[in-house]
Student: 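Below are the structure tokens for one structure; questions will follow.
Naming: A, B, ... by sequence-line order, numbering from 1 per chain. From a predicted model like this one, the values you see are computed outputs, not experimental measurements.
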Amino acid sequence: MDKLLNIWLASGIYNLGVGQLIMIVVGLLLLYLAINKKFEPLLLVPIGFGGILANIPEAGLAFSAVENAVHFQSPELMSKLSAVLGLSSNEPHTLLEAYYNSNASTHASASLLVQDSGYSNGMLYNFYSVAIASGAAPLIIFMGVGAMTDFGPLLANPKTLFLGAAAQFGIFATVLGAVGLTSLGLMDFSIQDAAAIGIIGGADGPTAIYVASLLSPHLLGAIAVAAYSYMALVPLIQPPIMRALTTKAERQITMVQLRQVSKIERILFPIVLLLLVGMLLPDAAPLLGMFCFGNLLRECGVVDRLSDTAQNALINIVTIFLGLSVGSKLSADKFLDSTTFGILVLGIVAFCIGTAMGVLMAKLLNKMEGGNAINPLIGSAGVSAVPMAARVSNKLGLEANPQNFLLMHAMGPNVAGVIGSAVAAGVMIKFVG
Amino acid sequence: MDKLLNIWLASGIYNLGVGQLIMIVVGLLLLYLAINKKFEPLLLVPIGFGGILANIPEAGLAFSAVENAVHFQSPELMSKLSAVLGLSSNEPHTLLEAYYNSNASTHASASLLVQDSGYSNGMLYNFYSVAIASGAAPLIIFMGVGAMTDFGPLLANPKTLFLGAAAQFGIFATVLGAVGLTSLGLMDFSIQDAAAIGIIGGADGPTAIYVASLLSPHLLGAIAVAAYSYMALVPLIQPPIMRALTTKAERQITMVQLRQVSKIERILFPIVLLLLVGMLLPDAAPLLGMFCFGNLLRECGVVDRLSDTAQNALINIVTIFLGLSVGSKLSADKFLDSTTFGILVLGIVAFCIGTAMGVLMAKLLNKMEGGNAINPLIGSAGVSAVPMAARVSNKLGLEANPQNFLLMHAMGPNVAGVIGSAVAAGVMIKFVG
Amino acid sequence: MDKLLNIWLASGIYNLGVGQLIMIVVGLLLLYLAINKKFEPLLLVPIGFGGILANIPEAGLAFSAVENAVHFQSPELMSKLSAVLGLSSNEPHTLLEAYYNSNASTHASASLLVQDSGYSNGMLYNFYSVAIASGAAPLIIFMGVGAMTDFGPLLANPKTLFLGAAAQFGIFATVLGAVGLTSLGLMDFSIQDAAAIGIIGGADGPTAIYVASLLSPHLLGAIAVAAYSYMALVPLIQPPIMRALTTKAERQITMVQLRQVSKIERILFPIVLLLLVGMLLPDAAPLLGMFCFGNLLRECGVVDRLSDTAQNALINIVTIFLGLSVGSKLSADKFLDSTTFGILVLGIVAFCIGTAMGVLMAKLLNKMEGGNAINPLIGSAGVSAVPMAARVSNKLGLEANPQNFLLMHAMGPNVAGVIGSAVAAGVMIKFVG
Amino acid sequence: MDSLISQGLSLMIYGMGFVFVFLTLLVLMTTLMSTLVTKYGPAPVAPSTRKKRVINSPIATQASYKSDDELVAVITAAVHQYRS
Amino acid sequence: MDSLISQGLSLMIYGMGFVFVFLTLLVLMTTLMSTLVTKYGPAPVAPSTRKKRVINSPIATQASYKSDDELVAVITAAVHQYRS
Amino acid sequence: MDSLISQGLSLMIYGMGFVFVFLTLLVLMTTLMSTLVTKYGPAPVAPSTRKKRVINSPIATQASYKSDDELVAVITAAVHQYRS
Ligand code: NA
Ligand code: NA
Ligand code: NA
């Protein structure tokens, strides 16, 4: 009979906390948005599902062996553990607090200790360690993205790189916003947190995850969710801003057909970019290095086997585990607090500012070019969010003038935005990392 | 000259033990069954080959660095090792015994010690640690299986789930058998061993390997081999039982065409199943969670890239290493003893009982539905062994009535059996894990 | 203002050492050879790119956490570190020296220590540890190679195996050369180094990398680069030697069409080879075991899923990381010294001797067969370098006689050379490993 | 020994019991779900139509650029696969 | 130094010796194997016929269900790839 | 707190500054590169021609052997993918 009781006492429904319930609903919501509304499904389906898994009571899928051991606290193990951590009390929160702040070797011995009692890391926790904590997954995905990126339009019109630069203002403005909210006492962000939140404005998933994993892992879940959700919302967020900042005449400007770009230029560009990064900003070398590597695999034309694998099997495999790993950060205790709300608000502000600055920069360039060369609508594509943002520019262009196809012109700033936010990421890692 | 002698003294043929010879023959037999008789070749080819590799004398491919060091015992290293393990003697068996029973940190320091003397883990040992000990491989394969599973027939006729439930009786009956043999003194199984052996009756490879790796890793080799071999033998094992338990009239029952199932039902089912598992049996969450995840990737229709990778590149890669890792458990010292024989006997008993209970439950359901709605032959498919068991039902149906196509009706209980054994696995992990 | 200074002081250009500059140029050269001259691009593109990444100043991508910590030496961390390493001084070189020579457990604690101060392994260093230090990557690639190898021509004419044996003389002659240079005081190679260098003559990339990673990791970069470059140069290196050693009459010999080889022979051959390796040379078991496994997957005809994955997705993924990892060994401090020059010279000598011995052995066999059965040109294919060497034989044969198609006859010795060098590798690992 | 038997027995009883309870609940929830879907959901989609799915191939990303919205859709869809 | 030379020499002698011994044995065993196979084995299969192999694609698992045994074979074969 | 604000400010100033400097340099170098290429490089290749690339498939390695140099090229190219 007691066995029946055990089952009931160990069941999810009996142990379901309100936080977990909410987070499961959030996970279902993400799945709904991904599947029905096509919100970046490649990432949000795994993230949403991982979020649900992470909040199954008693399963402890998102927790380390030590966290799980503390959850099911057997007295004598707790006292051994507090000994290892050099504590007097066995109070769960004290134990976890000490564990989180302990140095690497204490960390290791704590893990070894609880493993002897048969506790082990949750599945998602292991995925997170291998995929994200190691830094591997975002870099490998960035390699695949590089292998999928065509720099042709950028090479045909290099000055569109300035649009990619201007749009990054959203990132830094948001950093300022985050520290502002903190000094107003509304939030409590460190400068690292602020930097990680700002990168949402980069509109670049892997970059955001990479920076967050380095600067403030505890915010990674919220940051990744915000980044991908807002990218999906680009078609709603950008148009009003773009209309507000441009005149009909400007929106009607048609741009000259882009020149043909030679194969050798395509091959040399990733190498030039790599050397520039290496010489100016070593901290951005992992991110942009892998990006350039992927692009070289694509363009060099002699390793199509590798290029195809990088943009298919490999990136798909890594995406599955990256998504589930991000989901592991959606466990109630880590996700549910006011900071998440602050992050969501700041994230959308970042997007809006980035969009606005891109458009304004485009207007400026247009003026400098005599007022009829550059359609300001392509400026908004500088936030990256490839190719969504470029398609938005194209759509508004067609609205203003049915013969006005801007997409290829917008692809330039679009990929420039990827480089821009990777550079911004490097600067932040260097200054506050 | 001494060099020639060295080669000879270090050659496999000189060091070949009778046990290793037998196991190499067993490996060759498995390859023969897999290649000529098409016994689950995807698993048994790697398992058989891994089994041969694991039994190459002196190569130590299946052993840890410490085991290899003890095998080539240099005196002073042995004394250092016994010091680390806190022993007085250098006697090999004592050392290994102590090593196996030592706690995680002692384990780690022993490994570090022998590495300094240039000993390292065997290739297959590393594969096993990464693929199985971590629990990753069976879960990833289960994800791929989910991505290959069509729940359409089950959704069209949900009560076939009861057939999947009944067939699991084979699992628990076998547990009882195993403990019975032990209390008769014929065998020496712990309750964990018994549970792991019982799961063979689940007729589900990844589930069996997952449970065995958690409850009794030392039996994993025999359990995996038994599970996959018997699944391949389903067409021989089931028919006599099915004929014995059904009348010709019953076998002739034709079932009504299944209704069309809508896309949205297909999408919601894995989510419903996940929530139910999460609420009732958290211990089954890793297994069924990954299964549902794979199925959602398949059905949601917005992440075909991921679904295709999950059911091709990823599952193939993992299968290669899972197979070789299981093979590493076929080393003579671990595989060759009476328990293996006991496991083989108990395994087939489990299959038979499961089949019988499935058929009987189908007869019961048929009675409850008025005696002409459900063909009892589909009950045997409840053991899973997808799609073999379902094809057997179809074959016997056609025998009885050439117009009687049962395959699609049998696919329901067939996939229900997968869920059923995963649930049974969760129960066992919770009670004796 | 100081921030600007910081950026400058931390920039690559400010910290660029002459060695790093040279190595970046070397990396660019490798990319040029791979892309424009089609020098083994699948390996040399990743290696070249990895070499550039490894030499980006301040990025430390190719260094361990401890090496990076020592590079950016903060005083108090250095003193802690020297304490862990049991030193009195904080002098960087002393610290690194001690770290390299410390035992495994000291190594581990040093890493844990610096991690507490936020230093981490470089990206390429992690790739190297996972892919090469573990031994996994070369073995997995060898499996894929096995899955791509057709032993048909070899089975049709087994005595061509002798040509594969003779060509390995290049390996051992080079070992002798290396120790000779050392005893002349021109170089300073240990016997392990000499063995690893000799294997370049095996003309087999994965074998060379595997042996080098076991016998002298510090030379791995130079050895891998030499091996792949010379393989690409086979069409230039071999013909003059082949012409010098053969008469026009010999080159005109046409060989009889090869017999059809049955499927069952193809299936049995990898098993026979495996058993022979296991019985005679366990040290070659990992390398030839995986090779035979891949070939069995290919030939058995029941696991095409696995065979296709082994020769596509899996081998491509592993190649990407193997290449980048090898590139990490091209960091200036590890690559730039006289030994590298010596290795390049010895490597080409090895190729030439191997080629010559193959041709001479072919002449001998031809004599024994009556002087008109075997065209000596196929002997040079015994060095492996599949299929380049076989195509060279074919080309010279056509020169001498436009009807003389030798390619399929040369494929026999060609694959025999792969087996031959793997066996030679096993012997070296056993004697000096 | 006896305790082992009793452990096995209770494992069997509670195990089978739980399996049946679980699958019974699954039957109920699945039936409920299907009923709700067929009642309020959209018209069922024949699975056959699901075959039409195109898996965006990266090859598309190599298409030469033309200001053609059809083509553009393909191009960008492919790039989109992974751009954030 | 001299010792190094002698090490190199013996490595060469025993190494080449072993390589030849090994490959000679391989020649013998391969020839033996082929003889036995051609003598007792089935008639040789032309490799060209091996091209017919179909690699079961998961797409098949999405086929709509009909009570058609041909189709069924395909469906199930695909599912079978990984069902245990 | 104030220090936090000032940190944020300087991060913004130097960050945006650096991003612009970096991308300006990239514009210059890219333009330079393109000029040199178009001046001294070969005639531009239309990307469309790049579609012709054949990805060597391992299937080719299973082709039955004939003494036909065309076929041979294919066979060996495929094997070549990974033979060293
Ligand atoms: Na961006
Ligand atoms: Na089952
Ligand atoms: Na060779």
Side-chain angles (χ1 to χ4, degrees), chain A residues 150-152 154-156 158-162 164-166 168-169 171-173 175-180 182-185 189-191 194-195 198 259-266 268-269 272-273 275-277 280-281 284 299 301 304-305 308 416 419-421 423-424 426-428 430-432, chain F residues 1-61 74 77-84:
Chain A
D150 186 329
F151 281 116
L154 179 62
L155 286 163
K159 63 181 155 341
T160 54
L161 276 162
F162 289 117
Q168 308 315 318
F169 188 78
I171 294 177
F172 297 100
V175 174
L176 210 57
V179 297
T182 306
S183 49
L184 292 178
F189 295 124
S190 69
I191 184 72
R259 71 171 175 91
Q260 193 62 271
V261 175
S262 71
K263 182 160 183 295
I264 184 159
E265 285 172 271
R266 293 168 181 275
L268 288 176
F269 180 75
V272 168
L273 177 53
L275 293 177
L276 199 60
V277 171
L280 296 189
L281 189 61
E299 298 296 352
D304 296 335
R305 281 179 69 106
D308 293 353
I419 299 172
S421 40
V423 171
V427 175
M428 287 172 160
K430 140 142 233 50
F431 281 155
V432 305
Chain F
M1 280 310 168
D2 267 10
S3 85
L4 193 63
I5 289 281
S6 66
Q7 278 179 293
L9 264 171
S10 70
L11 189 55
M12 174 157 113
I13 293 159
Y14 292 108
M16 275 315 284
F18 191 89
V19 169
F20 265 105
V21 171
F22 185 94
L23 291 180
T24 310
L25 283 168
L26 187 56
V27 172
L28 295 177
M29 293 185 62
T30 308
T31 320
L32 178 66
M33 182 269 283
S34 293
T35 336
L36 294 176
V37 167
T38 38
K39 205 160 167 194
Y40 306 104
V45 184
S48 56
T49 67
R50 290 161 55 230
K51 286 223 203 70
K52 287 209 209 63
R53 294 182 202 160
V54 174
I55 287 133
N56 300 334
S57 92
I59 298 306
T61 63
V74 181
V79 186
H80 191 190
Q81 286 296 341
Y82 273 94
R83 295 310 302 114
S84 34

Student: From A/Phe169 CZ over to F/Met12 CE, what is the distance, rounded to the nearest 0.5 angstrom?
Tutor: 4.0 Å

Student: Could you state the interatomic distance from CZ (A/Phe269) to OG (F/Ser34), rounded to the nearest 0.5 Å?
Tutor: 9.0 Å

Student: Who wins among A/Val427, A/Leu276, A/Val175 for the most heavy-atom pairs under 4.5 Å with chain F?
Tutor: A/Leu276

Student: Which heavy atom of A/Ala166 sits nearest a heavy atom of F/Met16, and at what distance?
Tutor: O-CE, 4.1 Å

Student: Look at A/Ile419, A/Val272, A/Leu280 and state which one has the largest set of heavy-atom pairs under 4.5 Å with chain F.
Tutor: A/Leu280

Student: Measure the acute angle between the ring planes of F/Phe20 and A/Phe162, then classify it against the limits of 30° and 60° as parallel, tilted or perpendicular.
Tutor: parallel

Student: Flag the one option from F/Thr30, F/Leu26, F/Leu25 with the top tally of heavy-atom pairs under 4.5 Å to chain A.
Tutor: F/Leu26

Student: What part of F/Met33 lies closer than 4.5 angstrom to a heavy atom of chain A: side chain, backbone, both or neither?
Tutor: side chain

Student: Between F/Ile5 and A/Ser183, is any pair of side-chain heavy atoms under 4.5 Å apart?
Tutor: yes

Student: Please flag which part of F/Thr24 lies under 4.5 Å from any non-hydrogen atom of chain A: side chain, backbone, both or neither.
Tutor: both

Student: Most heavy-atom pairs under 4.5 angstrom with chain A, which of F/Thr31, F/Val21, F/Leu23?
Tutor: F/Leu23

Student: Which region of A/Ala424, side chain (C-beta onward) or backbone (N, CA, C, O), has a non-hydrogen atom less than 4.5 Å from a non-hydrogen atom of chain F, or is it both or neither?
Tutor: both

Student: Quick one: are A/Phe172 and F/Ile13 in side-chain contact, heavy atoms under 4.5 Å?
Tutor: no

Student: What I'd like to find out is whether the side chain of F/Thr38 reaches to under 4.5 Å of the side chain of A/Ser262, using heavy atoms alone.
Tutor: no

Student: What's the shortest heavy-atom distance between F/Leu9 and A/Leu176, and which atoms?
Tutor: N-CD1, 3.5 Å

Student: Quick one: are A/Pro158 and F/Met29 in side-chain contact, heavy atoms under 4.5 Å?
Tutor: no

Student: By a 4.5 Å heavy-atom criterion (distance strictly below it), what part of A/Val432 contacts chain F: side chain, backbone, both, or neither?
Tutor: side chain

Student: Identify the two heavy atoms, one from F/Val19 and one from A/Gln168, that lie closest to each other, and give their separation to 0.1 Å.
Tutor: CG1-CG, 4.3 Å

